[in-house]
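Letters go in sequence order (proteins before strands), and every chain restarts at 1.
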There are 2 protein chains.
Amino acid sequence: MSIQHVLLGVLEARPMSGYELTQLFSASTRWVWSAPQSQIYPALKTMEAAGLITGEQLQTGGRVRTVYSITEPGLAELRQWIGTAHPSPPSRDALDVQALYFDLVEPAVAKRVLTEFIAEQQAAAEHATAHSARLLAKDTELLRERLSHRPAAEHDRMARLKAHVFAGQAAVAEARIAWAREGLRLLDEA
Amino acid sequence: MSIQHVLLGVLEARPMSGYELTQLFSASTRWVWSAPQSQIYPALKTMEAAGLITGEQLQTGGRVRTVYSITEPGLAELRQWIGTAHPSPPSRDALDVQALYFDLVEPAVAKRVLTEFIAEQQAAAEHATAHSARLLAKDTELLRERLSHRPAAEHDRMARLKAHVFAGQAAVAEARIAWAREGLRLLDEA
DNA sequence: GAGTGCATGTAAAGTGTTACATGATTAC
DNA sequence: GTAATCATGTAACACTTTACATGCACTC
């Protein structure tokens, strides 16, 4: 179900084609969610059949593409989903399992695993922090689209709420970095 | 693949039956990993066929059960997996998406979602902290099994490494709680 | 004898990933 | 003309969850 709600959330900003959505959700974008295009096109079909979105054939230059817009029922479904607490899925972190058994490998090997993890999380933290700052400055295309159909009085609050999400991602990444550094120390102890 | 490595890690402590493993991995245990029994039994069959574990029929009282032990190739595979850095799966957190669109619902509704999340994470943090303390005190059945076939000189280090994993889970939960509390504040702002 | 716990499976469905496949348009 | 980008799909597989199913042993 989730992918559908995430798509609804994006389409609330403005109508988009499947291709635009695949760009936004591609792993390289590292947005809050990622999904391969093989998942997005079928989901759009399903959602259109369910009446949550409507597709319209548009001609841009010589190109034809199907642009999907969120419908009233789609918006209602989105609001309903946002307002419902969904229990967190059971934690399933491979690194936690690896770390649990670090005593089975050479300390140097374990340290390399943690070092690579730290580098990865640092990149994630920086990315999230930068995106948070951009949102706070209302400096992303999607946010500007959203603000354009909302009263100016709400703009600051909206930007702060959205920036906060990415600030939270950065905070989690930093907590995990601190944890990994402590792990490096522990591996050196006798 | 992961479930197989997690199972190998557990079986490194001592041989176990499928039933024991399902107990350990049941959602209620809230260990580092969870898996339903429908996943565990087929995985054990696959692993036995691959030579990573061997099953032995044992009679306990009037009961027959198949007890699986890790083999040399299984231990080698486990060590290999532990020593390899696996890139983190793309983040896919429903609450992050919900929070991104909190401006679409009443503040009171959004606050209820965050409040429930905080309660959930607090429970998780307490559970992880308690388990970390138990490991540090070498006060879990599984850890004692592991220590029993390892030199005493390594015991403290092993306990510290394992306790550290759950301390990390608690730290992440606490970071998310702090984030959610800040979210509650932001929702009240104009 | 009835209920709980031990013990082991299969089936169906949902979700997600990787790979394969195609064709048109625009920019160089 | 050729490469990159736009644009849209299908197929096969892996992983996970929920539900269905069975039967024996032990306790009350």
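For the residue pair B:Thr29/B:Ser26, the side-chain donor-acceptor check at 3.5 Å is satisfied.
Within a heavy-atom distance below 4.0 Å of DNA chain C, no residue of residues 75-99 of chain A is found. Contact check of residues 33-51 of chain A against DNA chain C (heavy atom, cut-off under 4.0 Å) returns A:Pro36, A:Ser38, A:Gln39.
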Write down the protein N/O and nucleotide N/O pairs, taken from nucleotides 22-28 of chain D, whose separation is under 3.5 Å; answer none if there are no such pairs.
from	atom 1	to	atom 2	distance (Å)
D:dC26	OP1	B:Gly62	N	3.2

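Checking the phosphate oxygens (OP1, OP2) of D:dC6, a side-chain nitrogen or oxygen of A:Tyr19 falls inside 4.0 Å.
With the nearest nucleotide of DNA chain C identified for both B:Gln23 and B:Tyr68, B:Gln23 has the one nearer the 5' end.
Every residue meeting the side chain to side chain contact (heavy atoms under 4.5 Å, CB included) condition with B:Arg30, not counting sequence neighbours, appears here in chain and number order: B:Ala123, B:His127. B:Gln59 meets the side chain to side chain contact (heavy atoms under 4.5 Å, CB included) test with B:Val64; sequence neighbours excluded. Listed by chain and residue number, A:Val109 satisfy the side chain to side chain contact (heavy atoms under 4.5 Å, CB included) test with A:Glu106 (two or more places apart in sequence, or in another chain). With sequence neighbours left out, A:Trp179 forms a ring pair (Phe, Tyr, Trp, His ring centres under 6.0 Å) with B:His164.
Note on residues 109-119 of chain A: pairs passing side chain to side chain donor-acceptor pair (under 3.5 Å), not counting sequence neighbours, are A:Lys111-A:Asp188. Note on residues 48-77 of chain B: pairs passing salt bridge (charged side-chain N to carboxylate O under 4.0 Å, His left out), not counting sequence neighbours, are B:Glu20-B:Arg65. For residues 159-172 of chain A, every residue pair satisfying the salt bridge (charged side-chain N to carboxylate O under 4.0 Å, His left out) rule, not counting sequence neighbours, is listed here: A:Arg160-B:Glu189, A:Lys162-B:Asp103.
Ring pair B:His5/B:Trp81 is parallel by interplanar angle, where below 30° counts as parallel and above 60° as perpendicular.
Put simply, the side chain of B:Leu95 reaches to within 4.5 Å of the side chain of B:Val113, judged on heavy atoms.
Salt bridge B:Arg14/B:Glu141: present, at least one basic N to carboxylate O contact under 4.0 Å.
Ring-centre distance between A:Trp31 and A:Phe25: below the 6.0 Å cut-off.
Heavy-atom contacts of chain A under 4.0 Å fall on DNA chain C between two terminal nucleotides, which in 5' to 3' order are C:dT15 to C:dT26.
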Atom pairs and distances, donor-acceptor, side-chain atoms in residues 167-174 of chain B, under 3.5 Å, two or more places apart:
from	atom 1	to	atom 2	distance (Å)
B:Gln169	NE2	A:Asp96	OD2	3.1

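We find that CE of A:Met16 is positioned 16 Å from C1' of D:dC6, with the value rounded to whole Å.
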